[in-house]
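One structure is given here, and the rest of the page talks about it.
Just the heavy atoms: all of them, side chains too, but no hydrogens, waters or symmetry mates, feed the values below.
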Amino acid sequence: MIRYLIKNNLKIMFRNAVNIVMYVLCPVIVSTVIISAFSSVLESYEGPGDFKVGYTVEAGTQTGYVDALAKIGEENGITFKEYDGDIEEGINNDEISGFVEIKKDSYKVYKSEEKTVEGAKLEYLMSAFFNSMISSDGADINYAIETPDYAPAIDATDYYGIIYIVYFGWCAIVCGAGLFTSEKKNSIIERLQVSNLSTFQIYLARLIPIVIVVFLGTGIAAVVSSLMLGVHWGNILISAVIVLLTVAAATAFEMMIYEMTNSMIATIILSFGIVWFMGYVGGSFEAYVISDTKEWVKQLSPLYHANRSLAELSCMGHSSYVLSSIIYSLGMIVGCSGISLIIGKIRRAGK
């Protein structure tokens with residue numbers, strides 16, 4: 001029965017071909033305009049210059065490790081110096097740009113929220129260095145570490161060609177509008193509620209078709225932008241998984257709003273407002289690499305995790321934000337779906 005509903009809902013959505021075409025054309029058109037307008041902005045961005053980092057060393061730590069760290073830091077524009085002053089004051093007064101507390105088998109990085117680029121470069125270097133140290137298993141450390149420029153050097157074509165796939169994926173409710181309108185017009189949900197179908201099955205019969213259609217549309221848009229604009233994606237499989245989960249998270253979130261309001265107009269207005277704000281702080285308009293938005297604010301936006309992971313996969317081939325993007329999306333899918341199901345059961349019980 002649920003397979004029949006999914007198939008039927010897919011047919012309803014494919015009848016609204018304009019929505020699907022819009023998902024293919026809009027990301028490409030918007031990306032083209034934005035790339036042309038802002039290409040010089042990212043080209044003019046310069047990574048951090050040389051900067052100083054304070055450190056302390058726990059007693060008993062091998063001095064060879066510290067010497068190696070100082071050498072690799074110097075090669076990458078970071079000067080490490082012993083520092084016994086107040087960490088917060090030293091960072092705020094620009095005496096140091098960061099601080100590292102080195103222990104026998106671990107380390108802790110202190111960084112400024114204002115100097116996100118320097119902090120990211122320091123974190124990357126420390127992670128790469130200590131991974132090399134651990135893999136050496138006590139032997140001489142091979143510390144030939146290549147540190148990327150932070151923020152990573154990504155051009156406007158790749159950046160905006162990628163992040164607008166994510167942004168339009170977050171407007172998934174537009175694709176589902178025809179389905180929800182048809183349901184209300186024909187009282188489909190009321191009919192299904194008297195059947196033996198569970199609330200969960202009814203929910204999946206709506207969620208899955210929307211995710212399929214939106215993912216298909218954004219996927220075609222990604223292929224078109226790659227062929228026409230020359231957008232370079234990183235790991236295709238991982239990128240596809242991130243986009244798919246992002247679309248599913250967006251659909252679950254916006255279906256939750258629809259369940260709360262029971263109004264498509266209210267859902268679209270609220271969804272677009274929230275998505276615009278999350279996109280604003282997450283780098284959909286002003287690239288996150290040059291944005292002065294507080295880092296902790298950026299971290300709250302699921303679009304930031306998706307944008308950053310995909311952008312870094314494109315220019316670096318890897319990203320520490322892949323895992324956080326996947327976890328964030330899965331958390332939203334589970335959480336928002338759970339709330340929708342609770343509301344659906346309450347309504348079903350009331351009738």
Side-chain angles (χ1 to χ4, degrees), residues 10 13-14 16-39 42 152-176 208-254 275-276 278-279 282-285 287-289 301-319 321-322 324-326 328-330 332-333:
L10 279 171
M13 295 186 68
F14 278 115
N16 294 279
V18 174
N19 287 343
I20 302 172
V21 172
M22 181 181 68
Y23 264 89
V24 176
L25 295 181
C26 284
V28 177
I29 294 172
V30 173
S31 297
T32 303
V33 174
I34 297 298
I35 289 168
S36 176
F38 293 100
S39 58
L42 286 180
I154 183 170
D155 62 30
T157 299
D158 290 343
Y159 183 82
Y160 289 110
I162 289 172
I163 60 100
Y164 276 107
I165 296 295
V166 175
Y167 186 80
F168 278 93
W170 264 89
C171 300
I173 196 63
V174 174
C175 236
I208 293 174
I210 297 174
V211 173
I212 290 174
V213 172
V214 175
F215 182 66
L216 178 63
T218 53
I220 295 174
V223 173
V224 171
S225 62
S226 296
L227 296 175
M228 292 183 59
L229 304 178
V231 176
H232 300 95
W233 290 76
N235 186 302
I236 301 297
L237 179 59
I238 295 177
S239 297
V241 169
I242 291 172
V243 173
L244 175 60
L245 291 177
T246 296
V247 169
T251 305
F253 175 73
E254 287 156 2
V275 171
W276 184 92
M278 290 193 299
S284 297
F285 310 117
Y288 70 82
V289 297
S301 170
L303 275 78
Y304 174 69
H305 293 265
N307 288 342
R308 182 156 182 174
S309 60
L310 292 171
E312 290 182 354
L313 282 172
S314 173
C315 65
M316 295 162 49
H318 60 86
S319 174
Y321 278 79
V322 169
S324 66
S325 177
I326 292 174
Y328 209 139
S329 294
L330 289 174
M332 290 194 70
I333 294 168

Heavy-atom pair with the smallest gap, counting every atom of Ser324 and His305: OG-ND1, 2.9 Å

Taking atom OG of Ser226 and atom CD1 of Ile236, what is their separation to the nearest 0.5 Å? 7.0 Å

Please enumerate all residues that pass side-chain hydrogen bond (donor to acceptor under 3.5 Å, both in side chains) together with Ser314, with sequence neighbours excluded. none

Shortest non-hydrogen contact from Trp233 to Ala222? CZ2-CB, 3.8 Å

Which heavy atom of Gly282 sits nearest to which heavy atom of Ser301, and what is that distance? CA-OG, 4.1 Å

Hey, can you pull the donor-acceptor pairs under 3.5 Å for the side chains in residues 239-249, sequence neighbours left out?
{"unit_1": "Ser239", "atom_1": "OG", "unit_2": "Asn235", "atom_2": "O", "d": "2.8"}
{"unit_1": "Thr246", "atom_1": "OG1", "unit_2": "Ile242", "atom_2": "O", "d": "2.7"}

Inter-residue atom distance Thr32.OG1 - Met228.CE, 0.5 Å rounding: 6.5 Å

In this structure, which one of Tyr160, Tyr167, Tyr159 forms a ring-ring contact (aromatic ring centres under 6.0 Å, His included) with Phe285? Tyr167

Spacing of CD1 belonging to Ile162 relative to OG1 belonging to Thr157, to within rounding of 0.5 Å: 10.5 Å

Looking at SG of Cys175 and CE of Met13, how far apart are the two atoms once the value is rounded to the nearest 0.5 Å? 4.5 Å

Closest non-hydrogen atom pair between Ala221 and Val28, with its separation: O-CG2, 3.8 Å

Side-chain donor or acceptor of Ser329 paired with backbone N/O of Ile326 under 3.5 Å: no

Heavy atoms of Trp170 and Val275 approach each other most closely as O-CG2, 3.6 Å

Measuring from Leu10:CG to Ile212:CD1, what's the distance to the nearest 0.5 Å? 5.0 Å

Working to the nearest 0.5 angstrom, can you tell me the gap between Asp158 CG and Leu313 CG? 12.0 Å

If you define the side chain from C-beta out and look only at heavy atoms, does anything of Ile163 sit under 4.5 Å from Leu310? no

Checking Ser309 now: which residues fulfil side-chain hydrogen bond (donor to acceptor under 3.5 Å, both in side chains) with it, not counting sequence neighbours? none

What pair of heavy atoms forms the shortest contact from Gly283 to Asn307, and how long is it? C-ND2, 4.0 Å

Does Tyr321 offer a backbone N or O that forms a donor-acceptor pair with the side chain of Ser325 under 3.5 Å? no

